[in-house]
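Quick notes on the structure that follows.
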Amino acid sequence: MSSQGLQQRLNEEMQREEHITEQRHLDQLASRSRWEDDFQRKAGFIASKHYVKQEQKDNEMRKMVMLEQRREKLKELLANEMEECKAELGVMGLAIADEE
């Protein structure tokens, strides 16, 4: 084989090795990119799941506060009604006493 033939074969072999190395590098980048995409998707899912759980807890807490406020308001209304009834009964008691 002539030196020109050897040089050509050496160049072809070097190009093939460069191509293989480049392809491996591209494969690694693609793999890393897929891993990062997968990680981001999972992290987003976990974050949204946590957000939904926190939102549910917040809604439950708001319901509890509203129910407690209603309960207090009803207790207040009941106390007022009882005072009015006592006052009416007192007036009725006086009226009955006057009749006797």
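Remark: Leu78 CG to Glu83 CD distance equals 10.5 Å, nearest 0.5 Å. Once rounded to the nearest 0.5 Å, the distance linking CD of Glu55 with CD of Glu60 reads 11.5 Å. Residue Gln56 holds its CD atom at 11.5 Å from OH of Tyr51, rounded to the nearest 0.5 Å. In this structure, CD on Gln15 lies 12.0 Å from CD1 on Ile20, to the nearest 0.5 angstrom. Note that CZ of Arg70 and NZ of Lys63 are 11.0 Å apart. Values are rounded to the nearest 0.5 Å. Taken to the nearest 0.5 Å, the OG atom of Ser31 stands 10.0 Å off from the CD atom of Glu36.
The shortest side-chain heavy-atom distance between Leu77 and Glu81 does not fall under the 4.5 Å cut-off.
Under a 3.5 Å cut-off, the side chain of Ser48 and the backbone N or O of Gly44 do form a donor-acceptor pair. Formation of a donor-acceptor pair under 3.5 Å by the Thr21 side chain with backbone atoms of Glu17 is found in this model.
The 12-atom threshold is exceeded at CZ of Arg62, counting heavy atoms of other residues, nucleotides or ligands nearer than 6.0 Å.
Applying the side-chain contact (heavy atoms from CB on, under 4.5 Å) test between Glu68 and each of Glu72, Met66, Met64 identifies Glu72 as the sole match.
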TODO: Go through Val65 and Gln69 one step at a time and tell me if the side chain to side chain contact (heavy atoms under 4.5 Å, CB included) criterion holds.
DONE: CA-CA 6 Å; Val65 168; Gln69 288 173 343; 3.8 Å; yes

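Contact check on Asp38 versus Lys42 returns a salt bridge, with a Lys/Arg side-chain nitrogen under 4.0 Å from an Asp/Glu carboxylate oxygen. In this structure, Glu13 pairs ionically with Arg16, as a charged nitrogen and a carboxylate oxygen lie closer than 4.0 Å.
Counting only N and O atoms by type, the side chains of Asn80 and Glu84 include no donor and acceptor under 3.5 Å apart.
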